[in-house]
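When reading the values below, keep in mind they use all heavy atoms of this one structure, side chains included, and skip hydrogens, waters and symmetry mates. Here is how names work: the chains are called A, B, and so on, in the same order as the sequence lines, proteins then strands, and each is numbered from 1.
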Number of protein chains: 2
Amino acid sequence: MNRSASIKDVANHASVAVGTVSNVLNYPDRVSQRTKDRVLRAIDELGFVRNDAARQLRAGHSRTIGLIVLDVGNPFFTSVVRAAEDAAALQGSAVLLGDSGHDAGREANYIDLFQEQRVQGLLISPVGDVTERLDLLRERGVPTVLVDRLADEEKFSSVAVDDDAGGYLAARHLLDTGRRRLAFVGGSTSIRQVADRLQGAQRAVKEEPDATLEVLVSEGQTVLAGRSVGNMLVERDRGELPDGIFCANDLLALGVMQSLTMTHTYRIPEDIALIGYDDIDFAVSAVVPLSSIRQPTEALGRTAIELLAEEVEAQHARHRAVVFTPELVVRQSTGAPSAD
Amino acid sequence: MNRSASIKDVANHASVAVGTVSNVLNYPDRVSQRTKDRVLRAIDELGFVRNDAARQLRAGHSRTIGLIVLDVGNPFFTSVVRAAEDAAALQGSAVLLGDSGHDAGREANYIDLFQEQRVQGLLISPVGDVTERLDLLRERGVPTVLVDRLADEEKFSSVAVDDDAGGYLAARHLLDTGRRRLAFVGGSTSIRQVADRLQGAQRAVKEEPDATLEVLVSEGQTVLAGRSVGNMLVERDRGELPDGIFCANDLLALGVMQSLTMTHTYRIPEDIALIGYDDIDFAVSAVVPLSSIRQPTEALGRTAIELLAEEVEAQHARHRAVVFTPELVVRQSTGAPSAD
DNA sequence: GCAAATCTTTGAATCGTTTCATTGTTACGA
DNA sequence: TCGTAACAATGAAACGATTCAAAGATTTGC
């Protein structure tokens, strides 16, 4: 296959000037019907496809937006990505997706790549702390929005979800359904998300004088870690058991559920109510459909694109940090009569 | 922020010719140390970043590869993507990822976008059948490799997994562990993957004169669909139950497992052995760790990139269709003493 | 039928990089 | 000291699309 047709080839083939071909593509109204037909036919016959490189060289910027996430496999990000793509499409941009896989090196590669591509801007859920890498972007004037990470409004716009509020919601829901001896299950509180969710839960518990909250630290945030915690609970005396458990994510909750249902000693939700966090697909199809806290991922993605557009348009506008409040999803595991 | 620095600005700032700056970037050996230092300093001081558009305009092609998958949320594709990215990085290319979400329109958009970007080539797991869209790519000479879809070798190179072999492996394993009354659970056999896996299972069963295979059609391929099938089985007389169940995917298998373990009437694997397909993350953390068939996703992604490289280099070489054989993963649900 | 107004079309200049033939410099052996 | 390699640096041309001032064509109004 030889080199593909250029606008010049089209112009020759249709016996018009290159400017006319360009007009057909960009300002069809300026061109007479006759000419337009001839040009379109030529385009078709030659299989002409616009060369985006030439286009954006002239324009000085591309029509793409870079999006770097920590893990495309994580349903949370998958959903954010999808929403961002749709929102970008609405404003005529396309999203280039990069997966850093929690690796700072890969992240740096994508940042460089996207800068060379002269993306309109960057959405990024950064690996680790906000470092010089990002400050550099800021200095270079690359419009940037942080995703799922609160940022100093002096420096960046950002979108995030209020984990404290989520934790409050979950605990409040357990309290509202009459539970008083609550337990929080989560990995190390050095993970910010875990700490915030716990804090929110504690805030709710303080509102009820007769309520208590026990903190159970799990080995990681997996189903298996949850099962260990569950097994430990099953061995307790009945009187020492919590009557409501809030897990820092759904995987942990599913593990706890496995332990409790397997032994058939305790019933969910009659003896123990259980609520998770994230509302993953599996939550609804657990043995006992799992109540959970759903994060507004679509809003996150959409808003990130919108904030980016603001940054692009008003170069020197103040940055904005938008925080969303998550949503309670009640299912059977916390005592709804029957659920979706 | 004004327009970013160009190679010309760097040249001025370092008092050299533009060609020299270019040489520093592309052929450092051709440039004396003194000049190189000066140029590098200028680059640093001006915060110069190569403009990829201009670069690839000159080069005639980009250093990116387009990858369009049916669903980034699907762990199968996530894993393929990751492997493809790594393999591409090794040869100095970057992957642009598009998610068609099983939507032909979105797919078409990405195909157009990637063509305008003049990607080196395209990896695509196409929506529906291989249609004119793809034939058009072929005619245009865009190197293309189909992923997870067998293709006419006259037309395309492709990488795929042998589902018939996978079905055989699963059924053969059940037979090898002494089961004789097998059941296959799957959605409609109009889905090619389901049909192939069933066919492979049937092939294995035919090898044992005293073995039988019952086909149970589920309503879709979800956990809930699996649970319906499971509930139906639990109501049968013990004598009419299968002693080995092969599910067309892990979600179905997890649903079946829920039904069986919840009632505590039958034990897995003692009464009924259970095996799924795909080896999703959840398989290992099920109540009874689930045996499954693992697809070689890393090999798929890597090989796809390699085949694409072949296509790019040898324009008129014959295409190749590479088929991988999946792998049996034995866990507790089919009677391993104890598993990972 | 003619001037003015409107609509079409033209094509050179431009974007930032790479390429490469040419020119300038240095080093070395005779 | 000179001639010649070997090495460095130069800068114009090219890539393909868009822009825009200018020219050309057509229509309108009188």
Side-chain angles (χ1 to χ4, degrees), chain A residues 2-40 42-43 46-64 92 112-113 115-120 140, chain B residues 2-40 42-43 46-64 92 112-113 115-120 140:
Chain A
N2 22 14
R3 128 190 167 291
S4 52
S6 78
I7 217 176
K8 204 185 227 163
D9 301 324
V10 174
N12 285 143
H13 197 264
S15 314
V16 297
V18 290
T20 304
V21 178
S22 175
N23 282 333
V24 170
L25 294 169
N26 299 297
Y27 307 95
D29 301 346
R30 293 189 190 161
V31 184
S32 73
Q33 193 60 47
R34 262 174 54 82
T35 321
K36 202 154 35 182
D37 288 344
R38 271 224 313 287
V39 171
L40 289 175
I43 286 178
L46 296 178
F48 165 78
V49 176
R50 256 195 182 93
N51 184 325
D52 197 58
R55 220 173 162 208
Q56 80 179 49
L57 172 57
R58 185 69 236 262
H61 61 91
S62 77
R63 293 161 305 127
T64 55
D112 289 348
L113 177 68
Q115 272 200 85
E116 293 192 3
Q117 306 254 17
R118 294 291 191 275
V119 293
Q120 296 179 309
R140 293 252 173 84
Chain B
N2 24 12
R3 125 189 169 293
S4 51
S6 77
I7 218 176
K8 204 183 226 161
D9 301 324
V10 174
N12 285 143
H13 197 262
S15 314
V16 297
V18 291
T20 303
V21 178
S22 176
N23 281 334
V24 170
L25 294 169
N26 300 297
Y27 306 94
D29 302 347
R30 292 189 192 163
V31 184
S32 74
Q33 193 59 48
R34 262 175 52 82
T35 321
K36 201 156 32 182
D37 288 344
R38 270 226 312 288
V39 171
L40 290 176
I43 286 178
L46 297 178
F48 165 78
V49 177
R50 259 193 179 93
N51 184 325
D52 199 58
R55 218 172 165 207
Q56 81 180 47
L57 172 58
R58 184 68 235 258
H61 62 89
S62 77
R63 292 161 305 126
T64 55
D112 289 348
L113 178 67
Q115 272 200 84
E116 293 191 3
Q117 305 254 16
R118 295 292 190 275
V119 293
Q120 294 179 310
R140 293 251 172 85

B/Gln117 CD to B/Gln56 CD distance, which is reported to the nearest 0.5 Å: 7.0 Å
B/Lys36 NZ to B/Thr20 OG1 distance, which is reported to the nearest 0.5 Å: 12.5 Å
Toward the 5' end of DNA chain D, by each residue's nearest nucleotide, B/Ala17 or B/Arg118: B/Ala17
What is the separation between atom [atom1] on [X] and atom [atom2] on [N], rounded to the nearest whole Å?
X	N	atom1	atom2	result
A/Arg38	C/dT8	CZ	P	14 Å
B/Ile43	C/dT17	CD1	C1'	13 Å
B/Arg55	C/dT19	CZ	C1'	14 Å
A/Arg30	C/dT8	CZ	P	11 Å
B/His61	D/dG16	NE2	P	12 Å
B/Ile7	D/dC15	CD1	P	19 Å
B/Asp29	D/dA9	CG	C1'	16 Å
B/Arg50	C/dC15	CZ	C1'	18 Å

Residue pair [X] / [Y]: nearest heavy atoms and the distance that separates them:
X	Y	value
B/Ile7	B/Val21	CG1-CG1, 3.3 Å
A/Val49	B/Arg118	O-NH2, 2.7 Å
A/Phe48	A/Leu25	CE2-CD1, 3.9 Å
B/Ala42	B/His13	CB-ND1, 3.6 Å

Nearest to the side chain of [X], which nucleotide is it out of [options]?
X	options	result
B/Asn51	C/dT19, D/dT10, C/dG16	C/dG16
B/Thr20	D/dG16, D/dT19, D/dT10	D/dT10
A/Tyr27	D/dT19, D/dA17, C/dT17	D/dT19
A/Ser32	D/dA17, D/dA9, C/dT8	C/dT8
A/Val18	C/dT9, C/dG11, D/dG16	C/dG11
B/Asn26	C/dT18, D/dA17, D/dA9	C/dT18
A/Leu57	C/dT9, C/dC15, D/dA17	C/dC15

Distance-only donor-acceptor test, B/Arg58 side-chain atoms vs C/dT17 base atoms, 3.5 Å: no
Touch class at under 4.0 angstrom, heavy-atom based, for A/Val21 against every strand present: nothing
Sugar-phosphate only, base, or nothing, as touched by B/Gly19 at under 4.0 Å among non-hydrogen atoms: base
Position toward the 5' end of DNA chain C (nearest nucleotide), B/Lys8 or A/Val16: A/Val16
N/O (side chain, A/Arg34) to phosphate O (OP1/OP2, C/dT8) under 4.0 Å: no
